[in-house]
Chemist: 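Before we start, here is the structure in question, set down as structure tokens.
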Amino acid sequence: MKFEIFRNRISKLKKMALPGERAHIKLAPLTRIKELSQIDMTGRNPQEAGVMAVFYPGRDLQTHLVLILRKSYKGVHSNQIGFPGGRVEAQDRDLRDTALRETEEEVGIPQDQIEVIKELSRLYIPPSNFWVQPYLGIVEKTPLLTPQESEVEEILEVRLTDFMNEENMISETLSTSYAKNIEVPAYKLNGHIVWGATGMMLSEIRELLLKI
């Protein structure tokens with residue numbers, strides 16, 4: 001879809017109700033659904049993070065979404081696909097500021113160039129004990145994307161048409177640092193498997209976009 005068309009339609013999202021858990025569950029591994037249904041938040045004291053789903057015009061004038069491949073490190077989200085974003089820092093006024101700051105740090109899009117369209121449904125991630133607050137934003141011009149050397153292995157520029165294509169919704173058997181040979185619903189985007197919390201948040205975004 002041409003970005004000009006997308007930009008003219010996206011404002012409709014501002015007044016739409018969020019599908020929330022109903023959309024998240026569609027891309028949730030069975031193990032995650034069971035874990036979330038049984039979890040007791042008492043005493044967990046989760047950390048908070050903000051992430052940004054940024055849509056923008058590519059050089060072909062088509063609508064794109066930016067995702068990142070994280071570096072390998074000693075942690076549960078090592079070498080996984082995610083949105084630009086991260087944990088709250090002392091200087092952040094709120095989670096929206098966190099998402100904007102981290103997006104600039106990780107992929108180089110200046111905060112003042114991102115128009116935040118909608119706050120999405122927050123999601124708890126048990127393996128890392130984080131509450132994640134996602135936002136949806138747009139950038140009017142093709143950004144110069146620059147990966148943060150210490151955090152980002154690769155920037156993925158995903159075409160909206162690929163993201164919305166049902167053929168790219170798949171099932172995959174994966175092993176992680178905390179689970180072995182689990183079958184998960186996922187997206188296949190730019191040659192990468194996108195699943196887990198990122199897939200669940202993308203599922204909500206996809207449901208919203210289908211309505212416009």
Side-chain angles (χ1 to χ4, degrees), residues 10 13-14 18 20-21 24 32 35-36 39-56 64-158 176-178 192 194-205 208:
I10 197 70
L13 293 186
K14 293 180 180 180
L18 293 170
E21 185 179 2
H24 289 164
R32 179 65 51 85
E35 191 173 12
L36 289 172
I39 205 161
D40 180 3
M41 295 298 295
T42 306
R44 279 186 167 262
N45 192 27
Q47 299 182 71
E48 291 190 294
V51 302
M52 186 69 66
V54 183
F55 291 85
Y56 60 92
H64 288 70
L65 165 68
V66 63
L67 295 172
I68 60 172
L69 172 63
R70 298 204 173 276
K71 293 271 190 180
S72 296
Y73 66 98
K74 292 183 179 179
V76 296
H77 300 303
S78 171
N79 206 229
Q80 289 186 3
I81 304 295
F83 295 104
R87 70 182 67 206
V88 172
E89 300 291 350
Q91 71 268 28
D92 299 333
R93 291 177 297 179
D94 51 29
L95 287 166
R96 182 178 180 274
D97 266 12
T98 301
L100 288 167
R101 174 184 55 76
E102 286 279 350
T103 298
E104 181 169 8
E105 291 176 3
E106 292 189 337
V107 298
I109 303 176
Q111 299 178 47
D112 60 4
Q113 290 185 13
I114 300 174
E115 178 187 354
V116 179
I117 300 295
K118 195 170 185 69
E119 179 180 289
L120 303 171
S121 301
R122 74 173 185 162
L123 183 65
Y124 179 65
I125 306 177
S128 55
N129 194 31
F130 263 95
W131 274 115
V132 177
Q133 177 60 65
Y135 297 86
L136 187 151
I138 63 170
V139 176
E140 292 283 342
K141 296 181 180 179
T142 305
L144 177 61
L145 298 173
T146 306
Q148 184 180 21
E149 187 173 343
S150 61
E151 299 281 343
V152 180
E153 183 67 31
E154 181 184 348
I155 292 176
L156 279 63
E157 298 190 63
V158 178
T176 73
S177 60
Y178 52 88
H192 293 272
V194 186
W195 66 288
T198 303
M200 293 165 74
M201 289 182 275
L202 281 171
S203 180
E204 179 172 61
I205 292 170
L208 288 169

Chemist: In the structure I gave you, are the side-chain heavy atoms of R122 and E48 within less than 4.5 Å of one another anywhere?
Modeler: yes
Chemist: Using the side-chain hydrogen bond (donor to acceptor under 3.5 Å, both in side chains) rule, pick out the option among R101, E104, E102 that qualifies with Q111.
Modeler: E104
Chemist: Evaluate F55 against V139 for side-chain contact (heavy atoms from CB on, under 4.5 Å), listing each step before the verdict.
Modeler: CA-CA 6 Å; F55 291 85; V139 176; over 6 Å; no
Chemist: Using every non-hydrogen atom in the two residues, find where K118 and L13 come nearest and quote the distance to one decimal.
Modeler: NZ-O, 2.8 Å
Chemist: Testing the basics here: between E106 and F83, what is the closest heavy-atom pair and its distance to 0.1 Å?
Modeler: OE1-O, 4.3 Å
Chemist: Work out which heavy atom in V66 is nearest to a heavy atom in P84; give both atom names and the distance.
Modeler: O-CD, 3.8 Å
Chemist: Spell out, as yes or no, whether a donor-acceptor pair under 3.5 Å connects the side chain of S203 to the backbone of G199.
Modeler: no
Chemist: If you measure from CD on Q113 to NZ on K141, what distance do you get to the nearest 0.5 Å?
Modeler: 8.0 Å
Chemist: Which pair of non-hydrogen atoms, one from T103 and one from M52, has the smallest distance, and what is that distance?
Modeler: OG1-CB, 3.2 Å
Chemist: Restricting to non-hydrogen atoms, name the atom on G85 and the atom on R70 that form the minimum distance, rounded to 0.1 Å.
Modeler: O-NH2, 3.2 Å
Chemist: Starting at CG of L120, measure out to NE2 of H24 and round the result to the nearest 0.5 Å.
Modeler: 7.5 Å
Chemist: So do L95 and Y135 actually touch side chain to side chain, heavy atoms under 4.5 Å?
Modeler: yes
Chemist: side-chain contact (heavy atoms from CB on, under 4.5 Å) with L136: which of L208, I10, V116, V54?
Modeler: I10
Chemist: Distance-only, no hydrogens or angles: does the Q133 side chain make a donor-acceptor pair with backbone N or O of R96 under 3.5 Å?
Modeler: no
Chemist: What I'd like to find out is whether the side chain of Q47 reaches to under 4.5 Å of the side chain of V88, using heavy atoms alone.
Modeler: no
Chemist: CD1 of I125 to CH2 of W131: how many Å apart, nearest 0.5 Å?
Modeler: 10.0 Å
Chemist: Heavy atoms, side chains only, cut-off 4.5 Å: are Y124 and N129 in contact?
Modeler: yes
Chemist: Please answer whether the main-chain N or O of S121 pairs with a side-chain N or O of E204 as donor and acceptor at a distance below 3.5 Å.
Modeler: yes
Chemist: Taking the side chain from D97 and the backbone from D94, do they hold a donor-acceptor pair closer than 3.5 Å?
Modeler: no
Chemist: Do Q80 and T198 come close enough that some side-chain heavy atom pair is under 4.5 Å?
Modeler: no
Chemist: Please check if the side chain of T98 supplies one atom and the backbone of D92 the other of a donor-acceptor pair under 3.5 Å.
Modeler: no
Chemist: Mark yes when over 12 heavy atoms from residues, nucleotides or ligands other than E105 sit less than 6.0 Å from its CD; otherwise mark no.
Modeler: yes
Chemist: Which atom pairs, one a donor and one an acceptor, fall under 3.5 Å between side chains of residues 142-157 and the rest of the protein, sequence neighbours left out?
Modeler:
from, atom 1, to, atom 2, distance (Å)
T142, OG1, P57, O, 2.7
T142, OG1, G58, O, 3.4
E157, OE1, Y56, OH, 2.8

